[in-house]
Amino acid sequence: TGHGVAAALDSSTVKIAFRNERQEFASPARLLSNMNQFLKPLVDYRFVSAQYAYFDLDAMVLSLGSAGHPPLILLRENAAEFLESDGLLLGVDYEAAFAAREVKLKTGDRLVFYTDGLSETDAGFDRDRDALRDLALACQNLSPPRFMDEAVRWLEQRRAAVGDDVTVIVVD
């Protein structure tokens, strides 16, 4: 939602909305829908992207919901797949529908969550997406901290100036 005091206040409001939905933790679609209902009157023409992942480690299933957030990357057996889960940004429309995508996980999978600060450079969306896939594949065997270091280094080489914050979370 931007930078500065307004963004910090919005972040606090999003945190409250998320905590209010504890009963929906296993359902990304319902959790995001309820958060959207709470946030719509509060964010005042500012919008929030979000991605929510619920891991059922007994069943080895990932349930994923998204609200206008970049897709996560699944690295599995030397292949990279963008896991899309459609949904409108939070705070745009009371009637926004959110869906969850379920993915069967396997031992050895790596999931890479990231913000748009990593995926948006000066090259354009499709070229950035291809390059991000190539980066993920090239770094898939690195430890998570080294993976993230390489991601930031890659971004610094591709972007003239860093204008957005970058968050990368790696889950093995």
Side-chain angles (χ1 to χ4, degrees), residues 1 11 14 18 21 24-36 47-90 92 96-172:
T1 60
S11 293
V14 169
F18 180 76
E21 296 309 318
E24 302 294 354
F25 274 0
S27 174
R30 283 197 307 268
L31 182 136
L32 290 171
S33 179
N34 291 351
M35 285 181 65
N36 183 62
F47 312 115
V48 179
S49 80
Q51 189 168 63
Y52 180 70
Y54 180 80
F55 295 92
D56 181 338
L57 297 179
D58 292 329
M60 290 293 286
V61 172
L62 164 71
S63 295
L64 179 69
S66 182
H69 202 76
L72 72 87
I73 301 171
L74 169 65
L75 292 166
R76 174 184 288 164
E77 300 169 356
N78 297 317
E81 177 185 355
F82 287 94
L83 298 182
E84 310 266 0
S85 181
D86 294 334
L88 193 61
L89 292 161
L90 297 177
V92 173
F98 300 92
R101 176 179 183 172
E102 290 198 347
V103 177
K104 185 74 173 155
L105 298 172
K106 296 181 180 180
T107 300
D109 285 351
R110 172 172 277 181
L111 300 167
V112 181
F113 298 84
Y114 57 93
T115 59
D116 63 352
L118 181 65
S119 61
E120 293 176 358
T121 69
D122 301 329
F125 178 75
D126 289 334
R127 289 171 64 194
D128 284 336
R129 189 173 171 127
D130 291 343
L132 189 55
R133 178 184 292 117
D134 293 345
L135 166 75
L137 286 168
C139 297
Q140 68 183 331
N141 295 319
L142 297 177
S143 69
R146 291 264 307 129
F147 184 103
M148 291 184 284
D149 289 343
E150 289 302 314
V152 171
R153 188 176 354 262
W154 171 83
L155 177 64
E156 289 170 346
Q157 292 171 352
R158 294 182 59 82
R159 191 185 306 178
V162 177
D164 201 356
D165 58 324
V166 177
T167 300
V168 179
I169 300 171
V170 178
V171 178
D172 288 342

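Counting begins at 1 with the first residue of the sequence.
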Q: Could you tell me whether R146 and D149 make a salt bridge, using a distance below 4.0 angstrom between a side-chain N and a carboxylate O?
A: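 No.
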Q: From L90 CG over to M35 CE, what is the distance, rounded to the nearest 0.5 angstrom?
A: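 Going from CG on L90 over to CE on M35, the span is 5.5 Å.
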Q: Please answer whether the main-chain N or O of A59 pairs with a side-chain N or O of K104 as donor and acceptor at a distance below 3.5 Å.
A: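 Yes: the side chain of K104 pairs with the backbone of A59.
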Q: Any side-chain heavy atom of V170 sitting closer than 4.5 Å to one from R110?
A: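 V170 vs R110: side chains touch.
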Q: To check you understand the geometry: which heavy-atom pair defines the closest contact between S63 and E102, and what is its length?
A: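 S63 and E102 have their closest heavy atoms at OG-OE2, 3.4 Å.
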Q: What are the two closest non-hydrogen atoms of V168 and V112, and how far apart are they?
A: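 Taking every non-hydrogen atom into account, CG1-CG1, 4.1 Å.
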Q: Which heavy atom of E150 sits nearest to which heavy atom of C139, and what is that distance?
A: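 Result for this residue pair: CB-SG, 3.6 Å.
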Q: Could you tell me which non-hydrogen atom of A29 sits nearest to which non-hydrogen atom of A100, and how far apart they are?
A: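 Closest heavy-atom pair between A29 and A100: CB-N, 4.0 Å.
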Q: Quick check on side-chain contact (heavy atoms from CB on, under 4.5 Å): which of D134, L135, D130 does L132 satisfy it with?
A: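 Looking at D134, L135, D130, the match for L132 under the side-chain contact (heavy atoms from CB on, under 4.5 Å) is L135.
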Q: Would you find a donor on one side and an acceptor on the other, under 3.5 Å apart, between the side chain of T115 and the backbone of T167?
A: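 Answer holds: yes.
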Q: Any non-hydrogen side-chain atom of E24 less than 4.5 Å from a side-chain atom of S33?
A: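 The answer is no, as the side chains (C-beta and beyond) never meet within the 4.5 Å cut-off.
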Q: Can you confirm whether D172 sits close enough to F147 that some side-chain heavy atom of one is under 4.5 Å from a side-chain heavy atom of the other?
A: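 D172 vs F147: side chains apart.
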Q: Kindly assign one of parallel, tilted or perpendicular to the pair F82 and Y114, based on the angle between their ring planes and the thresholds 30° and 60°.
A: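 Answer is perpendicular, since the angle exceeds 60°.
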Q: Nearest 0.5 Å please: distance from the OG atom of S49 over to the CG atom of L88.
A: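 Going from OG on S49 over to CG on L88, the span is 11.5 Å.
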Q: Quick one: CG on L32 to CZ on F18, what's the gap to the nearest 0.5 Å?
A: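 Reported to 0.5 Å precision, the distance equals 9.0 Å.
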Q: Please round to the nearest 0.5 Å and tell me the distance separating atom CZ of R101 and atom CG of L72.
A: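 The CZ atom of R101 sits 8.5 Å away from the CG atom of L72.
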Q: Give the minimum heavy-atom separation between A80 and L75, together with the two atoms involved.
A: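 Of all heavy-atom pairs spanning A80 and L75, the closest is CB-CD2, 3.6 Å.
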Q: What's the separation between atom CG in D109 and atom CG in L74, rounded to the nearest 0.5 Å?
A: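 Rounded to the nearest 0.5 Å, the CG-CG separation comes out at 5.0 Å.
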Q: Please determine whether ring-ring contact (aromatic ring centres under 6.0 Å, His included) holds for the pair Y52 and F113, giving the CA-CA distance in whole Å, both sets of side-chain angles, and the decisive distance to 0.1 Å.
A: CA-CA 10 Å; Y52 180 70; F113 298 84; over 10 Å; no
Q: Which value, rounded to the nearest 0.5 Å, describes the distance between L111 atom CG and L105 atom CG?
A: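 Output value for this atom pair is 6.0 Å.
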Q: Do Q51 side-chain atoms and L64 backbone N/O form a donor-acceptor pair below 3.5 Å?
A: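 Judged by distance alone, no pair lies under 3.5 Å.
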